[in-house]
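The block underneath contains the structure these notes are about, expressed in structure tokens.
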Amino acid sequence: QLQLAACFTNALREHPASQHPLREQLEPLYEQAKRLINDTNRPESHRKAALNLLGIGIGAKKEEKQMLLDLVSPQTPFALQQDAIERLSRWGDTSTCVAFFDRWASMSDSVRSQCVGQILQRRNWIEILLDALEQGTIQAADLSPAARQQLTQTGSRSMRVRANRLVATNESLGKRELINYYRDQMGNRGDRTRGAKLFQQHCAVCHVANDQATAVRSEEHTSELQS
């Protein structure tokens, strides 16, 4: 029933729901969908299908927004969180972006990437992202290299200058902490396998090993490691 109802949602988006002849038939299914979305005992595919009945003008936007935000939680399957983030982003209001950062600490890396991908598509949301970096709500290291690069190349000149300053400052601090950590560990017995994994995780974006390729070389890090 919910899948059938979802087939009519585009029609409702194109016409005011309060005046659409399908509204009376869809209202009971809409109420069923709201219950199903939050029912963790139901299959994920059923809960995703129920999401199609949100945002079509039947229910209150504030209630639907909170319902979707509640899905952005570690207890929710990733695919369902992904769908909720995409639907929330359609509204484009700044309070949604702020709500993402309120939940940032509990998000997995994959969910954070989904949020950042949506944020970078909206100029007003990028401003909020820059504020979050400036206030320390998030760190530059929380963003993928591709997201950091896009951030520094998007928006007005003042936004790009600000982004470059914030990303460079946060990256410098993060790398310095890593260098200090590795220096402290040098007195211990080495583990080549674990070291290779750490290199791929923290260093391979800019540096290479065993002459495998050409990479950017940071004089700051080289001098610190040699000292």
Side-chain angles (χ1 to χ4, degrees), residues 68-69 71-74 76-94 96-179 181-182 195-222 225:
L68 290 169
L69 284 172
L71 291 177
V72 185
S73 162
T76 304
F78 171 69
L80 206 56
Q81 290 192 68
Q82 186 179 25
D83 204 344
I85 290 166
E86 193 276 328
R87 292 173 186 278
L88 282 164
S89 300
R90 292 177 187 172
W91 283 315
D93 56 296
T94 56
T96 296
C97 185
V98 172
F100 286 160
F101 291 126
D102 289 341
R103 290 161 172 75
W104 191 261
S106 64
M107 290 179 179
S108 67
D109 290 343
S110 298
V111 173
R112 288 178 176 179
S113 293
Q114 291 295 319
C115 289
V116 171
Q118 295 293 336
I119 289 169
L120 291 176
Q121 297 179 39
R122 297 162 178 80
R123 181 167 176 167
N124 59 330
W125 283 18
I126 293 174
E127 293 277 12
I128 298 172
L129 171 58
L130 293 173
D131 289 341
L133 283 167
E134 201 163 52
Q135 296 163 7
T137 304
I138 69 172
Q139 303 298 318
D142 295 338
L143 310 178
S144 70
R148 293 198 295 268
Q149 182 178 25
Q150 184 176 347
L151 180 61
T152 58
Q153 297 175 354
T154 302
S156 64
R157 183 178 182 278
S158 61
M159 289 173 66
R160 296 195 302 271
V161 169
R162 186 183 177 200
N164 273 286
R165 174 177 58 82
L166 290 170
V167 169
T169 299
N170 279 274
E171 281 188 328
S172 178
L173 289 172
K175 289 175 181 175
R176 190 170 296 114
E177 290 173 357
L178 283 172
I179 290 169
Y181 171 78
Y182 294 144
K197 291 180 180 179
L198 289 171
F199 181 90
Q200 288 299 321
Q201 181 180 356
H202 298 294
C203 311
V205 172
C206 298
H207 304 278
V208 296
N210 302 323
D211 299 324
Q212 293 176 349
T214 302
V216 176
R217 188 176 181 85
S218 169
E219 297 299 331
E220 175 190 353
H221 303 148
T222 301
L225 286 170

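Computed from a predicted model, the values in this text were never measured in an experiment.
- In this structure, the side chain of Arg112 engages the main chain of Trp104 through a donor-acceptor pair within 3.5 Å.
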Decide yes or no on side-chain hydrogen bond (donor to acceptor under 3.5 Å, both in side chains) for Ser108 and Ser110, but give the supporting numbers first. CA-CA 5 Å; Ser108 67; Ser110 298; 4.7 Å; no
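- Within the model, atoms CE of Met107 and CD of Gln114 stand 10.5 Å from one another, a figure rounded to the nearest 0.5 Å.
- The CG atom of Leu129 sits 10.5 Å away from the OG1 atom of Thr137 when rounded to the nearest 0.5 Å.
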Walk me through it: do Glu134 and Arg165 pass the test salt bridge (charged side-chain N to carboxylate O under 4.0 Å, His left out)? CA-CA 10 Å; Glu134 201 163 52; Arg165 174 177 58 82; 3.1 Å; yes
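- Between Met159 and Thr154, the closest heavy-atom pair is CB-O, 4.2 Å.
- In this structure the side chain of Thr96 never reaches within 4.5 angstrom of the side chain of Ser89, judged on heavy atoms.
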Should Arg103 and Leu69 be marked as a side chain to side chain contact (heavy atoms under 4.5 Å, CB included) after you check the CA-CA gap, both sets of side-chain angles, and the distance that decides it? CA-CA 9 Å; Arg103 290 161 172 75; Leu69 284 172; 3.6 Å; yes
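- Between Gln81 and Leu71, the shortest heavy-atom contact is CG-O, 3.2 Å.
- Considering all non-hydrogen atoms of both residues, Val116 and Ala147 come closest at CG1-CB, 3.8 Å.
- Going from atom CD1 of Ile128 over to atom CD of Gln135 covers 10.5 Å, rounded to the nearest 0.5 Å.
- Looking at Arg123 and Ser156, their side chains come closer than 4.5 Å, going by heavy atoms from C-beta outward.
- Proximity of a side-chain donor or acceptor of Asn164 to a complementary backbone N or O of Arg160 within less than 3.5 Å is detected.
- Nearest approach of Ala84 to Leu68, heavy atoms of both residues: CB-O, 3.7 Å.
- In this structure, Phe100 and Leu88 have side chains that are in contact, with non-hydrogen atoms separated by less than 4.5 Å.
- Looking at Trp125, its side chain does come within 3.5 Å of a backbone N or O of Asp93 through a donor-acceptor pair.
- Under the 3.5 Å distance criterion, the side-chain polar atoms of Arg148 are matched with a main-chain donor or acceptor of Ala140.
- In this structure, Ser113 OG and Gln118 CD are separated by 12.0 Å, a value rounded to the nearest 0.5 Å.
- For the atom pair SG of Cys97 and CG of Asp131, the computed distance is 9.5 Å after rounding to the nearest 0.5 Å.
- One N or O on the side chain of Gln121 and one on the backbone of Gly117 form a donor-acceptor pair closer than 3.5 Å.
- Applying the side-chain contact (heavy atoms from CB on, under 4.5 Å) test between Leu151 and each of Ile119, Leu166, Leu133 identifies Leu133 as the sole match.
- Across every non-hydrogen atom of Asn124 and Gly92, the tightest pair is ND2-O, 3.7 Å.
- With respect to Arg162 and Glu127, a salt bridge is recorded, a charged nitrogen being found less than 4.0 Å from a carboxylate O.
- When every heavy atom of Pro74 is checked against every heavy atom of Ser106, the shortest pair comes out as CG-O, 3.3 Å.
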So Arg90 and Glu86, salt bridge (charged side-chain N to carboxylate O under 4.0 Å, His left out) or not? Walk me through it. CA-CA 7 Å; Arg90 292 177 187 172; Glu86 193 276 328; 3.0 Å; yes
